[in-house]
Amino acid sequence: MAAPKKPSTPTKTTAPPDPMPPEAGAGIAYHQALNPAQLEAVRFGDGPLLVLAGAGSGKTRTLTYRVARLVEEGVDPRSILLLSFTRKASQEMLQRASLLLDARCRDVAGGTFHSFANATLRRYAAVIGFEQGFTIIDRGDAEDLIGIIRKEMDPPGDGRQLPRKSTLATIFSRAVNKQRPLEDVLYDDYGHFSDMVDTITTIREQYTRRKREHHFLDYDDLLIHLHLLLTEYEAVRQRLAAKYRYIMVDEYQDTNPIQADIVSLLADAHHNVMVVGDDAQSIYAFRGADYQNILDFPKRFQGTRIVKLEENYRSLQPILDFTNRLIESADAQYSKCLFTRRHGGLPPVLVMTAGENAQSRYVVREVARLRREGTSLDRMAILFRAGFHAFDLELELNRAGIPFKKVGGFKFTESAHIKDLLAHLRIVAAPDDQLSWRRVLGLIEKIGPKTADRIFAAVRAHSQGAGGLLSAPLKMKNQAKLQPLKDLIGALTDAPEAVARWGELVFSYYLPILRAKYDDHPRRQRDLEQLLAIMARYRHLDDFLSDMVLEPPSTAIEDGLAAAEPTAECLTLSTIHSAKGLEWDTVFILWALDGRFPSMRSMEDPDDLEEERRLMYVAATRAERELHFTCPVQIFDRATQSLLCDPSRFLDGIPENVLRRENYPDW
DNA sequence: GTGGAAGGGTTTTTT
DNA sequence: ACCCTTCCAC
């Protein structure tokens, strides 16, 4: 049970040095910083360009240098649009480009598809019939609204129930993202509900109608409306195409048909479009992404130049030997084989453990060992398929006193107390927001959904915004209960627009409610204080509220630690989806157990199974030096009533010299 | 109408 | 573990 040893001599990295600010007046040293393929992409002039970038091949570096290069050549930074997967990723690229060149690079327009859609739609809101603006609703809000409609519908009558609200939301979203009729999605993916197609269609019509009534846009609507704006309003499309003369898209393999269309529409006039991605790392099929999208790019744009980045700068050779093998045995033929000049190190290890808790103890033991040997916790990550897969490990890490942050899974802004506080601000910002009124009023004793809706209707009829609550005619017994809330709204509407001040007013109103409602209120109160700190960074309430939906802080703990002790080192726990694009010295992949990874559900459909394999590939290629898989055995699977005992089928047939096997504890 | 308690059926991944 | 429904007391 020898654990992988650190290589005795530090491995020499052949990766180009990190970008440094150029000497005053000197140009950027492209030749020293980039390999020939990267250089070709960076120096590519006008026209369509497809960069197929393997894992760890310097994709971000290439995009960063190309931005700097364009700006250096005199392109107006505001005419460059850089769409990437997370806002953090695009900010980092622009920051690095600024270091290479100068601060002009910060003026590059960038963000996620959704944040770009938000910004654009705000500018053209009147064109698409949102004269009074709009509120972006997150998944939870969407489900609440669907839940209200669902409850109003007649039950099917045969004793069965309609799909739960979260399932309905998934069905509706899938139909949009895959651009398929609702009926087809139901028939293919939810066969057991396909006979309710009429009722479900009605629910969706109602959902669409009410979103419009309340000026709500959900995540999908942002893309739909942007697409609509570009297709239906030729003048707008021309203006946007003239404004953004260079389009760049990161992680193009994860775009869905609407997003790919949006890119085409924007680039149609000039064809100056560069997309970067890796078909082998496409892991968002569940929301409509199709790796075929990136392979079809040259068909959309005639004369596309294709550049392949195949040299890996991240991982040691034994890790690449393994990951190449993993992706080679895929059914689909992906387009590359990676190589590296980083030698040394041991092959990855697969560790069989006697159950889930043994898995957790193995990870804790190894993390402690690595730390003793000098690896910072910041350089290690634990990756897993789904958020709840790490629950047991979290307990063990707490017991061992190892600090960690968890990324992915449940979000800060999804917890009830955060949503409560935001709802108070939302009714002021958007008085038509019935969902937020329900939430705010429902917090008051003896007010439930019915009373809340009545009060909402009265306020709305008064059409004075949230202040309508102060003058709307209400029943006497409601008047008294509502007095504190009225005082709050009065204070909010009187105070000048200062986001942080409003946050404090709501906080002091909400604190007694929080204390009465939750036993664990001290922890939640700390979260709220974090939220207030975040609010202080904003000048406009609308921006704050939009950001909380589009790019919420990934974890409460992360921000807590970052704020309190920015230097404290910290282990990362992450879903594989949230780990995309990141890298660590040492990576642990949990639950490499057939039935968990791949999951039972994915085994019926070859396409789903392929995506699981790509997911494992993404996880494994995050590692630079050490890679551990753990496989707890004898796990009972309730869905199939069977005992799971075998390692992931993706690891079958990989020889011992590529993947070592161990048992923990020895048995 | 509200609020609490009890019991049966379902659990990925993200903007 | 959580959602959703149902049932019952106020």
Side-chain angles (χ1 to χ4, degrees), chain A residues 83-89 111-118 136-144 147 150-151 155 159-170 173-174 176-177 190 192 217-224 226 251 254-256 258-259 282-289 383-391 407-411 413-414 416 441-454 475 477-478 481 517 546-552 554 574-580 591 595-602 608 611-612 614-616 618-619 637-639:
Chain A
L83 293 171
S84 74
F85 201 70
T86 63
R87 181 175 306 188
K88 205 170 134 201
T112 63
F113 275 92
H114 290 86
S115 67
F116 173 66
N118 177 42
I136 305 169
I137 58 172
D138 66 12
R139 176 60 185 252
D141 296 327
E143 285 179 13
D144 288 348
R150 179 179 178 277
K151 200 176 279 178
R160 292 182 321 143
Q161 281 167 11
L162 284 164
R164 47 171 59 196
K165 60 187 180 183
S166 62
T167 308
L168 288 167
T170 302
S173 183
R174 186 164 306 179
V176 171
N177 283 295
Y190 295 88
H192 49 301
L217 293 185
D218 65 22
Y219 289 129
D220 299 331
D221 293 331
L222 286 170
L223 299 181
I224 292 172
L226 176 58
E251 310 277 15
D254 285 324
T255 53
N256 64 32
I258 308 175
Q259 291 168 319
S282 168
I283 54 173
Y284 280 94
F286 68 91
R287 68 178 204 204
L383 306 182
F384 32 83
R385 180 76 187 80
F388 69 88
H389 287 169
F391 286 164
V407 187
F410 291 109
K411 283 208 196 55
T413 44
E414 282 165 4
L441 293 167
L443 290 169
I444 299 167
E445 290 283 297
K446 303 286 172 203
I447 297 183
K450 299 280 180 203
T451 314
D453 281 348
R454 262 206 304 275
K475 288 184 190 150
K477 62 175 183 183
N478 285 338
K481 283 183 301 208
K517 195 172 162 189
S546 297
D547 275 7
M548 285 304 106
V549 180
L550 293 175
E551 287 282 321
S554 50
S574 176
T575 60
I576 298 170
H577 284 87
S578 297
K580 190 150 87 112
W591 291 107
R596 285 295 189 110
F597 197 174
S599 72
M600 282 294 183
R601 300 196 51 177
S602 67
D608 290 350
E611 174 136 318
E612 295 281 300
R614 293 192 298 267
L615 196 59
M616 184 170 277
V618 168
D637 183 71
R638 245 190 310 183

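Here is the naming used below: chain letters follow the sequence lines, and residue numbers restart at 1 for every chain. In this text, all values refer to a predicted model and were calculated from it rather than measured experimentally.
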Gap separating the [atom1] atom of [X] from the [atom2] atom of [Y], nearest 0.5 angstrom:
X	Y	atom1	atom2	answer
Asn177(A)	Asn256(A)	CG	CG	4.5 Å
Ser115(A)	Leu550(A)	OG	CG	6.5 Å
Arg385(A)	His577(A)	CZ	NE2	5.5 Å

Select base, sugar-phosphate, or nothing to describe what [X] touches, counting heavy atoms under 4.0 Å on all strands.
X	value
Gly387(A)	sugar-phosphate
Ser599(A)	nothing
Glu445(A)	sugar-phosphate
Phe113(A)	nothing

Ring geometry between Phe85(A) and Tyr284(A) (parallel below 30°, tilted from 30 to 60°, perpendicular above 60°):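 Ring orientation of Tyr284(A) relative to Phe85(A): tilted.
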Shortest side-chain distance from [X], nucleotide among [options]:
X	options	answer
Arg139(A)	dT2(B), dC4(C), dT14(B)	dT14(B)
Ser578(A)	dT14(B), dT2(B), dC4(C)	dT14(B)
Tyr219(A)	dT2(B), dT13(B), dT15(B)	dT15(B)
Thr112(A)	dG1(B), dT13(B), dT15(B)	dT15(B)

When the distance from [atom1] of [X] to [atom2] of [N] is rounded to whole Å, what number comes out?
X	N	atom1	atom2	answer
Glu414(A)	dT15(B)	CD	P	10 Å
Arg385(A)	dT13(B)	CZ	P	8 Å
Phe391(A)	dA1(C)	CZ	P	10 Å
Asp220(A)	dT15(B)	CG	P	13 Å
Asn177(A)	dT15(B)	CG	C1'	9 Å
Leu162(A)	dC4(C)	CG	P	12 Å
Ile447(A)	dG1(B)	CD1	C1'	12 Å
Lys151(A)	dT2(B)	NZ	C1'	12 Å

Measuring to OP1 and OP2 of [N], would you say a side-chain N or O of [X] lies under 4.0 angstrom away?
X	N	result
Ser602(A)	dT12(B)	no
Lys165(A)	dC4(C)	yes
Thr451(A)	dT2(B)	yes

Whether Phe286(A) stacks on the six-membered ring of dT13(B) base, 5.5 Å and 30° limits: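 Whether judged by distance or by angle, Phe286(A) passes, so it stacks on the base of dT13(B).
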All N/O contacts under 3.5 Å from nucleotides 5-11 of chain B to the protein, with atom names and distances to one decimal?
| residue | atom | partner | partner atom | Å |
| --- | --- | --- | --- | --- |
| dT11(B) | O4 | Arg638(A) | NH2 | 2.5 |

Short side-chain to backbone donor-acceptor contact, Gln259(A) and Phe113(A), under 3.5 Å: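 It does not hold such a pair.
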Residue whose nearest DNA chain B nucleotide is more 5′ - Glu611(A) or Pro449(A):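 On the 5' side of the pair lies Pro449(A).
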Position toward the 5' end of DNA chain B (nearest nucleotide), Val549(A) or Ala386(A):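 In this pair, the answer is Ala386(A).
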Sequence-distant partners of His389(A), ring pair (Phe, Tyr, Trp, His ring centres under 6.0 Å), two or more places apart: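 In terms of ring pair (Phe, Tyr, Trp, His ring centres under 6.0 Å), with neighbours along the sequence ignored, His389(A) is linked to Trp591(A).
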Asp254(A)/Arg287(A) salt bridge by N-O under 4.0 Å criterion: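 Judged by the 4.0 Å cut-off on N to carboxylate O distance, Arg287(A) and Asp254(A) do not form a salt bridge.
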Those residues that, when tested against Arg174(A), pass side chain to side chain contact (heavy atoms under 4.5 Å, CB included) (two or more places apart):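 Partners of Arg174(A) under the side chain to side chain contact (heavy atoms under 4.5 Å, CB included) test: Thr170(A), Lys178(A), Val185(A), Asp189(A), Tyr190(A).
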